[in-house]
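See below for the structure under consideration.
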Number of protein chains: 4
Amino acid sequence: MEHDLTTGSGRPRDAEASPALLEAARRLVLEKGYAATSISDIAAAAGTGRQTLYRRWPGKAQLILDAFAEHASDQVDDLHAAAPGPDPVREFLRRTFRALDETGPALRSLMAQAQLDPAFCELFRQRFIVPRRAALHAVLAQARDSGSVPADLDLDAAVAALFGALWYRLLLGEPLDDGYAAALAGLIRAEP
Amino acid sequence: MEHDLTTGSGRPRDAEASPALLEAARRLVLEKGYAATSISDIAAAAGTGRQTLYRRWPGKAQLILDAFAEHASDQVDDLHAAAPGPDPVREFLRRTFRALDETGPALRSLMAQAQLDPAFCELFRQRFIVPRRAALHAVLAQARDSGSVPADLDLDAAVAALFGALWYRLLLGEPLDDGYAAALAGLIRAEP
Amino acid sequence: MEHDLTTGSGRPRDAEASPALLEAARRLVLEKGYAATSISDIAAAAGTGRQTLYRRWPGKAQLILDAFAEHASDQVDDLHAAAPGPDPVREFLRRTFRALDETGPALRSLMAQAQLDPAFCELFRQRFIVPRRAALHAVLAQARDSGSVPADLDLDAAVAALFGALWYRLLLGEPLDDGYAAALAGLIRAEP
Amino acid sequence: MEHDLTTGSGRPRDAEASPALLEAARRLVLEKGYAATSISDIAAAAGTGRQTLYRRWPGKAQLILDAFAEHASDQVDDLHAAAPGPDPVREFLRRTFRALDETGPALRSLMAQAQLDPAFCELFRQRFIVPRRAALHAVLAQARDSGSVPADLDLDAAVAALFGALWYRLLLGEPLDDGYAAALAGLIRAEP
DNA sequence: CACTAACCGAGACGGTACGTCCCGTCTTCGT
DNA sequence: ACGAAGACGGGACGTACCGTCTCGGTTAGTG
């Protein structure tokens, strides 16, 4: 997350720099990929100096995490709010898969970065993984109450299995389609 | 995979160089981590020139993939051969978790590299993921035949869910313990 | 020649880096010879990064040209100022030969580099050859006015012959001694 | 010079390899220049292995010296044989300049190499410089006898001055034209 | 209304890894 | 013992980023 160390004194930070950097980062990563996008590229595209970026984020990964986390939090709310239909778990997965069509490559890069930097890993977990985990947990709890999943289902394990399966295919470049969503949802559906 | 362009003519490649490079790579990565291990380090530790490495592998990631894939294939065989006990799925997961205690960090790095290089991703899938997937599939098929998992279980989906859950926690730095193995195995156990 | 692209903006170049690089280059070339001195060696000896060198000179040859041209221009002034005695041409040659005892090997390397790189050749000509040529020309003009060389001497040809003879022996590893200076000076001395 | 260490036993050397290497060396150096021509290039162009080259010459410079020395020795004889006319020195210089139109660049490279390798320097001197020096010496001696240069001319110094002036301009990329030949010849012409 | 502190861009800094190139040697097989 | 072929250890090269530092200049709030 962008860090703000303003003490009140001195010239205030340029309010336009952060959005410009976030947008430039998002655009360049989507265009050229994470690895091919350098810090210098992002700062130049945002029309700012490199130091301005470092003053607000510790590095490339954190900036790009912010650049893609914004959208993600909106989506999590959407998913949480509406998970209707006869098979809400399947519906949740389908919508999540759909959202990854655009942001998937960037998320893969962030997950990659999390492997190389433990501090970033924890940040990524808190900002990205945990909220979504909570959302799916809620969906599953609701499904359990409505009887569409077994009453004794281990919800935490089910969340790990479903999101794990999602990331598993995403990270390996395998397709995330409706059939996959249905098959995964089928794994934990209540036996009638 | 190491590429071998032997045409028969000319001086043959040094048979000791490849093992030396693989072992040096494996040792250095386990000691210092993936990112902190450079190509020069590996070549020097193996007592070879840098060009000898480039002659056999396209880069660091492919070499290290080979360095860890060797051992992996042995382990896959072990796991496949013996998955005994009342809950073979749980046992399989437990053993797999145990094996990751040592190699986990390196595998995380390889998975990270797979996100930055599509060609390497495919290689990693073929050399690492698919064999293990087959092993778990066989375990599940056996379990289905012996009645310890439901007869109508979607084996492919179950494999994705179990291995997905494994990678999910591994990549996020969360613990892979016996309790987790039991919980995941419980998800797909037959309801008696 | 060192190139200075200062635009006024940004951090100014370290004023100590260039002298340090020049001195390190000069010292290492005199110690180990031109070919045995690498760019990395020079940068390390100067306590600077390699890129700092490349930011100021296109390569090794240009840096070393500068490293030896500095001193050379001083010497040229010295030679120009004082060319006394009954045979000023011979005296000029003797002093020039003497100065080459130390710098000769480095100059040979620079002349060698000039053969491999036309751009460097021109630079070498302008920075090294032309100034010395002018100095000798002045000495000869003075000698002509004082009657110690023939009045109708073709000064340009004489300069070429004298410096040519100097380089000819220098480049072939033949001795540049007082006798040689006297013999060359004798070629163009006025017949009494 | 190509060295021949055959002992009589074993397979005799391929008689075609040496000419092929010499011709390939000559062609490539004239086409691409000395520095841009690697040992591998020459061997490949000659259809031979690199070791065959090293078995016959110590390195690139010696091979190329041989490649260009062949022609040179013919030319030296030509020059020696016929130096007619009213000003034989000028004529000798003019012809020598003319011959350098083609081989000049290669000779410059050889002289460059002589600066980096003392052993080659001596070889170059013996194979190239000394014979030509003798030829010019003979021309000057003849001219002295015929009265076209002063009787007390120091022939060795004159040779050094004339060839030195030649190399001086050649190595600096300056033109070797008839005017220059005339001016140099004029320096040592007898005053009538 | 000046001062001052933190900002801004630009870009140089030391450092490190990369992948390429060539060197001169060595090692195979076939002739 | 030669030949072609090509791998070997070694080392320099020039490039690309990294994260930091240092300029001159700008822009608020404070004294």
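Here the structure is a predicted model, which is why all the values come from computation and not from measurement. Below, read A as the first sequence line, B as the second, and so on, with proteins coming before strands; counting in each chain starts at 1.
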Donor-acceptor pair between C:Gln115 and D:Tyr34 side chains, under 3.5 angstrom
no

Taking the side chain as everything from C-beta on, heavy atoms only, tell me whether D:Phe124 gets closer than 4.5 Å to C:Leu172.
yes

Among residues 10-20 of chain C, which ones have heavy-atom contacts with DNA chain F below 4.0 Å?
C:Gly10, C:Arg11, C:Pro12

Treating primed atoms plus P, OP1 and OP2 as sugar-phosphate and everything else as base, which nucleotides of nucleotides 15-23 of chain E get B, S or - for protein heavy atoms under 4.0 Å?
--BSBBB-S

Select one nucleotide: of E:dC7, F:dA5, E:dC13, the one nearest the side-chain heavy atoms of A:Arg56.
E:dC7

For A:Thr52 and for C:Ala46, locate the closest nucleotide of DNA chain E by heavy-atom distance; then report the residue assigned to the nucleotide nearer the 5' terminus.
A:Thr52

note: C:Trp57, atom CH2; F:dC13, atom P; distance rounded to Å ~ 15 Å

Could you give the CZ-to-C1' distance, from A:Phe120 to F:dC18, as a whole number of Å?
17 Å

Can you measure A:Leu53 atom CG to E:dG11 atom C1' for me and round it to whole angstrom units?
16 Å

For F:dG6, does either OP1 or OP2 sit under 4.0 Å from a side-chain N or O belonging to B:Ser9?
no

Taking atom CG of A:Leu65 and atom CD of A:Glu2, what is their separation to the nearest 0.5 Å?
12.0 Å

Closest non-hydrogen atom pair, B:Leu53 against B:Ile42:
CD1-CG2, 4.1 Å

Counting heavy atoms not belonging to C:Gln126, are there more than 12 under 6.0 Å from its CD?
yes

To the nearest angstrom, how far is D:Leu116 atom CG from F:dA12 atom P?
15 Å

Could you give the NZ-to-C1' distance, from C:Lys32 to F:dA12, as a whole number of Å?
12 Å

More than 12 heavy atoms of other residues, nucleotides or ligands under 6.0 Å from CD of A:Glu16: is that the case?
no

Answer yes or no: is there a side-chain heavy-atom contact under 4.5 Å between B:Thr48 and B:Asp14?
no

CZ/C:Phe68 to CD/C:Glu102 distance, rounded to the nearest 0.5 angstrom?
7.5 Å

Should the pair A:Arg26-A:Glu23 be classified as a salt bridge under the 4.0 Å nitrogen-to-oxygen rule?
no

